Number of protein chains: 2
Amino acid sequence: MSDSSPPRKRRTAGRITLNDVAREVGVSALTVSRFFNHPERVSEELRQRIGEAVSALGYVPNLVAGSLASARSRIVGMVIPNISGPIFANTIQGFSDTLSRHGYQLLLASSYFSPEQEENAVRAFLGWSPAALVVTSHFHSEGTEKLLAGTDIPVVEIWDYQPERAPIQVGFQHYDVGEMAVRHLLGKGYRRIAFVLNSAAGDFSALDRRDGYAAILEAAGLQPWNFVPSIGSAPFEAGKEAMETLMQGTPKPDAIIFANDNLAAGGLLAAQRMGLRIPDDCAVMGFGDYAFAHMLLPSLSTIRPPSLAIGEMAALRVLESLGAIATTLPVQRLNRLECQLVEREST
Amino acid sequence: MSDSSPPRKRRTAGRITLNDVAREVGVSALTVSRFFNHPERVSEELRQRIGEAVSALGYVPNLVAGSLASARSRIVGMVIPNISGPIFANTIQGFSDTLSRHGYQLLLASSYFSPEQEENAVRAFLGWSPAALVVTSHFHSEGTEKLLAGTDIPVVEIWDYQPERAPIQVGFQHYDVGEMAVRHLLGKGYRRIAFVLNSAAGDFSALDRRDGYAAILEAAGLQPWNFVPSIGSAPFEAGKEAMETLMQGTPKPDAIIFANDNLAAGGLLAAQRMGLRIPDDCAVMGFGDYAFAHMLLPSLSTIRPPSLAIGEMAALRVLESLGAIATTLPVQRLNRLECQLVEREST
DNA sequence: ACTCGTTATGTCAGCGCTAACATGCGCAGT
DNA sequence: ACTGCGCATGTTAGCGCTGACATAACGAGT
């Protein structure tokens, strides 16, 4: 009876759209679209009027629709082992800040060193057709490798530096870190150098550091000496245990390299309790240069990874790949950064 | 000549779509869509076959298209002052983990306590029609307030707890923290209690802590004693300066509350250098219970904010609001969490 | 005057998916 | 047998935006 074409129920709330702005100004929607994406192609006068209408109406561009239409988005996904740890936080910060300075958003997930969780995150991220993807290290599940290989967006692998792998690499070689620590200690005259590695860490990179340690030590004609505390979960406690066990045994080491600063801090505290003089009775080295390393007594010699720089450089490489920042040269695929040995009182 | 309807150039790469999967299985696209979003409405047999086709083809659902069509997304935006600081990292971690356990993704941005940066991030996030939005504290720009008020998605304010504000609140009252610290010190017999606040921090919450400190002290008939180090940017150095200045002056305080653990750590080190006995010559309290607080000498008494719990509870409230997890009750709007006083050697 | 190129703006279709509605089927109840 | 209901699946029409292409307006060069 009444009406031949019953109007469909509208699904969306009264959200303000490009068309609303266009109608207000008296131009086509496309011109308003250009106002946001290619402002230089809109005349000065219209730019003015559109700008006013946008803020008068409180229009917020719908990036979802835009991304669907253009098959591009300004989202970059990052999968990192953890957010709150002392190691990666700076990388995330540097990455996020550099990205957002260029109008890109960060989609973040943590994997806790689990390849499955990483794969889930990568899959979910790919659903958003992100502009690029950043993953940590090179230990991926087969599924992740397949997903990454099957996409044509830029992929960056950070923290580890593996020249033979295809994705853009931004990081350092953990092997070198072990080497750097040993050289430092050998140079200071230490000879019986132990390496303490907390088994619980899913952090495979620590194994590379230990390998570097062992290789240099053997090259110097000395014996590697690995110690794995029985306490797996709490690094601080594990570090204490390591110091106590090693320094109550015979022979004793004259230097201990801990796989990270948390372990080392535990070691220092145990040493203090045992009345040992650090570094005279035993030198201590850590890895990470965590915030507290310089506050300990004695302050901790350690190796500082380029956490922030990794995040920033990863972002730069991403932005270059996307053409968001100018480069005359092709995007650099291999980016090897330097760790820095920070010598303090404990060695 | 050749063809009456010249086929438009295809814009997208050969991405696999729902239709490809549907054709493969011999069903309609909608059935495949249901396979992902409402699997219980698809027969067991089809579920099986669709599942196989999906993994055979390596199909990854296009969440952008899905979000546009349904006007919903599984993205939640969070704007937080910083990522790498010791305070917020745990909150992000707890939030992210809880969200991702339920299939939601985290879009993250940091504001560095700048209302403008916060507003930019909120605006950009809103463009993604996120499922919910989380912001830190209640100090927003006017624009941010307008944006948040104009949306109908759940908004959660974290860290501060402001019962009179409209959004869901998950946090604690910093005022109470100041109070808690003073009560602890008064209970231990300290009477000349100073408060050290680093002016450079854009962290307004610290002001609330100081107000709580001052109020309780005055209520006890004692004089508040504020000290602002001249060094603005480096909290550790500023803490040293505060300790030196205060303990070389007359009269001296018998206890110092530092606005955060970084300042307090600097204070402890300076005290050690000056040969002061902590807590006999002067007690020291911090705020934050940063990772190193228990590793210092003497170990630092401090107040531990519920960082992780805030992140987790914020995520729970978001998920409840979205109906992603079951609740019989309406979503709790006010969530006041407890800080914990951690008594160690420095008081 | 005419062509050509450049710039500013508009028309149309469609990105990949899902809400609303429609259909068809099997089965219980009478 | 027939109605009515619930369940599995299909058809249609967009979601809000942008790409390709079209067009109009204008000045410069011949």
Side-chain angles (χ1 to χ4, degrees), chain A residues 5-50 54 57 59-75 126-129 131, chain B residues 5-50 54 57 59-75 126-129 131:
Chain A
S5 68
R8 291 246 170 182
K9 213 177 284 174
R10 305 222 105 218
R11 291 186 223 157
T12 50
R15 180 170 184 160
I16 294 158
T17 74
L18 255 196
N19 275 306
D20 297 328
V21 178
R23 197 172 320 115
E24 178 81 11
V25 181
V27 294
S28 77
L30 187 43
T31 304
V32 182
S33 164
R34 277 195 273 254
F35 169 81
F36 286 103
N37 301 315
H38 310 280
E40 76 283 359
R41 289 193 214 156
V42 177
S43 66
E44 177 55 35
E45 187 225 334
L46 276 184
R47 233 180 300 172
Q48 188 81 24
R49 284 168 50 205
I50 294 174
V54 164
L57 295 173
Y59 170 67
V60 177
N62 185 331
L63 303 176
V64 177
S67 299
L68 179 59
S70 66
R72 277 183 287 105
S73 83
R74 286 178 159 252
I75 279 187
L126 282 177
W128 287 101
S129 24
Chain B
S5 67
R8 291 247 171 182
K9 213 176 287 174
R10 304 223 105 217
R11 291 186 224 157
T12 50
R15 180 171 184 161
I16 295 158
T17 73
L18 255 197
N19 275 306
D20 297 328
V21 178
R23 198 174 319 116
E24 177 80 11
V25 181
V27 294
S28 77
L30 187 44
T31 305
V32 181
S33 164
R34 275 195 274 254
F35 169 81
F36 285 103
N37 301 314
H38 310 280
E40 75 284 358
R41 290 193 213 155
V42 177
S43 65
E44 176 56 35
E45 188 225 334
L46 276 185
R47 234 179 301 172
Q48 188 80 24
R49 286 168 49 205
I50 294 174
V54 164
L57 295 173
Y59 170 67
V60 177
N62 185 330
L63 302 177
V64 177
S67 300
L68 179 59
S70 66
R72 278 184 286 104
S73 82
R74 286 179 160 252
I75 278 187
L126 282 176
W128 288 102
S129 24

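Only a predicted model underlies this, so the values are computations on that prediction, with no experimental measurement involved.
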Length of the [atom1]-[atom2] vector between [X] and [N], whole Å:
X: A:Trp128; N: C:dG16; atom1: CH2; atom2: C1'; value: 13 Å
X: B:Asn37; N: C:dC17; atom1: CG; atom2: P; value: 11 Å
X: A:Arg23; N: C:dG10; atom1: CZ; atom2: P; value: 14 Å
X: B:Glu44; N: D:dC7; atom1: CD; atom2: P; value: 17 Å
X: A:Leu68; N: D:dC15; atom1: CG; atom2: P; value: 13 Å
X: A:Leu63; N: D:dC15; atom1: CG; atom2: C1'; value: 15 Å
X: B:Asn62; N: C:dC17; atom1: CG; atom2: C1'; value: 8 Å
X: B:Ile50; N: D:dA8; atom1: CD1; atom2: P; value: 13 Å

Point to revise | A:Arg49 side chain to A:Val25 backbone, donor-acceptor under 3.5 Å | key: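 Present.
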Check your understanding: Would you say the side-chain atoms of B:Ser73 pair up with the backbone N or O of B:Ser129, donor to acceptor, closer than 3.5 Å?
Key ->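 Side chain of B:Ser73 to backbone of B:Ser129, a donor-acceptor pair under 3.5 Å: yes, one is there.
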Check your understanding: For B:Tyr59, which contact category applies under a 4.0 Å heavy-atom criterion: base, sugar-phosphate, or nothing?
Key ->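 Here B:Tyr59 touches the backbone only, sparing every base.
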Exercise for review: Pick base, sugar-phosphate or nothing for B:Arg72, based on heavy-atom distances below 4.0 Å to the nucleic acid.
Suggested key: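 Contact class for B:Arg72: sugar-phosphate only.
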Decide yes or no for [X] and [Y]: does some side-chain heavy atom of the first lie under 4.5 Å from some side-chain heavy atom of the second?
X: A:Thr31; Y: A:Leu46; value: yes
X: A:Trp128; Y: B:Ile75; value: yes
X: B:Leu63; Y: B:Arg74; value: no

Check your understanding: For B:Arg47, does the CZ atom sit with more than 12 other heavy atoms under 6.0 Å from it, leaving out its own atoms?
Key ->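 Counting neighbours around CZ of B:Arg47, more than 12 heavy atoms of other residues, nucleotides or ligands fall under 6.0 Å, so yes.
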Any N/O pairs under 3.5 Å between the protein and nucleotides 4-9 of chain C? List them or say none.
{"unit_1": "C:dT9", "atom_1": "OP1", "unit_2": "A:Ser43", "atom_2": "OG", "d": "3.1"}
{"unit_1": "C:dT9", "atom_1": "OP2", "unit_2": "A:Ser43", "atom_2": "N", "d": "2.9"}
{"unit_1": "C:dT9", "atom_1": "OP2", "unit_2": "A:Ser43", "atom_2": "OG", "d": "3.4"}

Practice item. Nearest-nucleotide wise, let me know which of A:Gly66 and B:Ala29 is further upstream toward the 5' end of DNA chain D. Key: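 Result of the comparison: B:Ala29.
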Exercise for review: Could you check which of D:dG16, C:dC17, C:dA19 has an atom nearest any side-chain atom of A:Thr17?
Suggested key: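 Nearest to the side-chain atoms of A:Thr17, counting from C-beta on, is D:dG16.
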Check your understanding: Of the candidate nucleotides D:dG16, C:dC17, C:dT11, which contains the atom at the shortest distance from the side chain of A:Leu30?
Key ->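 Taking heavy atoms from C-beta onward, the closest nucleotide is C:dT11.
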Check your understanding: What about A:Tyr59 and A:Phe35, are their ring centers closer than 6.0 Å?
Key ->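 No, the ring centres sit 6.0 Å or more apart.
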